[in-house]
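A short worksheet on the structure shown next.
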Amino acid sequence: MANYHLEIQNVSRGKGRSFPRAANYITGERIHDNYNDTTYYCQRQDVLYHEIFQPSTAPPEYHNLQKLCDEIDKAEKRYDARTAREFIGSLPNELPTHELIQIVKVYVSKNFVEHGLCAVAAIHEGRNKTDPSKNNPHVHILVSTRTVGPEGFSKKKDREHNNKKYIDIWREDWAQAQNRAYERNGHDIRVSHESLEVQGKYDREPTIHMSRIDWQKEKRGERTISGDRKRAIKKRNEERIREHQLRRDRSLELDHSR
């Protein structure tokens, strides 16, 4: 099973975090924080892609990141206000960048834009300088806590998505978006948002990511270190399955003999 990770946390003034600072960190764009009167200059060389997502009814100027940050801060009056949710999700390093972008677009549109929320997303390469097979591409998604319409952000907070059921929905959809991408690209890899124990595979060893470079080499018939590790894990898991089946068969035989 390929790597699955989705982390959800709040961007809260009460915990010393701000939307402009988070937006600067994930995109690398210079942002001024009007609420704290601070400018953030963090620059990044590892941003593969970033985009602002808005419902079709949102003011056009909200597609400007500085303007969006200004309006999000303006909508929140409290000193301890929660200004956004942040989602951090791992992405498949077996797939090309345009597929990673597609995963993010589908996920953000379905889970946030269709519900009237806006989002800022940025994919980071997660580059490993010494071993490309250990690259860790991932996405940061900042989601507003208020819906947005022609007049701007709603005066009322979006309380619906505070319901804990959405954590399960968001986690499952993140797995599904990746699995559709794997299928489109002819991979038999799948991820699951559930633990191995919940899946009934608690004795199975999780498999590893292969970099796109190693995957391409393997497709050409070349052996790679990560490919050998993946095959070894697969073999050990097959042995575990056979042992589990044998134990189950013996148990059935004992049950029938009683």
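Look at Glu76 and Arg146 and you find a salt bridge, because one of the NZ, NE, NH1 or NH2 atoms lies within 4.0 Å of a carboxylate O, short of that distance. In this structure, Asp228 pairs ionically with Arg231, as a charged nitrogen and a carboxylate oxygen lie closer than 4.0 Å.
When all heavy atoms of Ser12 and Asp80 are compared, the pair lying nearest together is OG-O, 3.6 Å. Closest non-hydrogen pair, Ile72 versus Cys118, comes out as CD1-SG, 4.5 Å. Of all the heavy atoms in Leu117 and Ser144, the pair that sits closest is CD2-O, 3.6 Å. Residue Gly149 comes nearest to Pro59 through the heavy atom pair O-CD, 3.1 Å, listed as atom of the first residue, atom of the second, then distance.
At a threshold of 4.5 Å between side-chain heavy atoms, the hydrophobic network of Ile, Leu, Val, Met, Phe, Trp and Tyr places Ile52 and Leu100 in two separate groups. Note: the hydrophobic cluster containing Ile103 also contains Ile8 (ILVMFWY, side chain heavy atoms under 4.5 Å, direct or indirect links). Residues Ile101 and Val108 fall within the same hydrophobic cluster, defined by Ile, Leu, Val, Met, Phe, Trp and Tyr side chains chained together at heavy-atom separations under 4.5 Å.
For Glu183, the CD atom sits in a loose shell: 12 or fewer heavy atoms of surrounding residues, nucleotides or ligands are nearer than 6.0 Å. Heavy-atom contacts from other residues, nucleotides or ligands closer than 6.0 Å to CD of Glu151 number 12 or fewer. In this structure, Arg220 places its CZ atom where more than 12 heavy-atom neighbours from other residues, nucleotides or ligands lie under 6.0 Å away. The environment of CZ in Arg13 is crowded: more than 12 heavy-atom neighbours from other residues, nucleotides or ligands sit within 6.0 Å. Atom CD of Gln43 has 12 or fewer heavy atoms from other residues, nucleotides or ligands within 6.0 Å.
Listed by first then second residue, pairs satisfying salt bridge (charged side-chain N to carboxylate O under 4.0 Å, His left out) with a partner in residues 26-38 number zero, not counting sequence neighbours. Residue pairs meeting the ring pair (Phe, Tyr, Trp, His ring centres under 6.0 Å) criterion with at least one partner in residues 16-59, sequence neighbours excluded, are Tyr25-His140. For residues 40-69, every residue pair satisfying the salt bridge (charged side-chain N to carboxylate O under 4.0 Å, His left out) rule, not counting sequence neighbours, is listed here: Arg44-Asp46, Glu51-Lys105, Lys67-Glu71.
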Exercise for the section: Output, in order, the C-alpha distance, side-chain angles, deciding distance and verdict of side chain to side chain contact (heavy atoms under 4.5 Å, CB included) for Phe87 and Trp174. Expected result: CA-CA 10 Å; Phe87 295 72; Trp174 185 239; over 6 Å; no

Exercise for the section: Before giving the answer on side chain to side chain donor-acceptor pair (under 3.5 Å), spell out for Arg82 and Asn162 the whole-Å C-alpha distance, their side-chain angles and the decisive distance to 0.1 Å. Expected result: CA-CA 12 Å; Arg82 177 166 53 88; Asn162 291 341; 3.2 Å; yes

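Using modelled atom types and a 3.5 Å distance limit, the side chains of Thr224 and Glu218 yield a donor-acceptor pair. Residues Glu99 and Asn185 have side chains that bring a donor and an acceptor to within less than 3.5 angstrom of each other. Side-chain contact of Asn34 with Asp70: a donor-acceptor pair under 3.5 Å is present, judged by distance alone.
Between Tyr107 and Phe112, the angle of the ring planes goes over 60°, which puts this pair in the perpendicular group of the 30/60° scheme.
At least one donor-acceptor pair closer than 3.5 Å links the side chain of Ser90 to the backbone N or O of His5.
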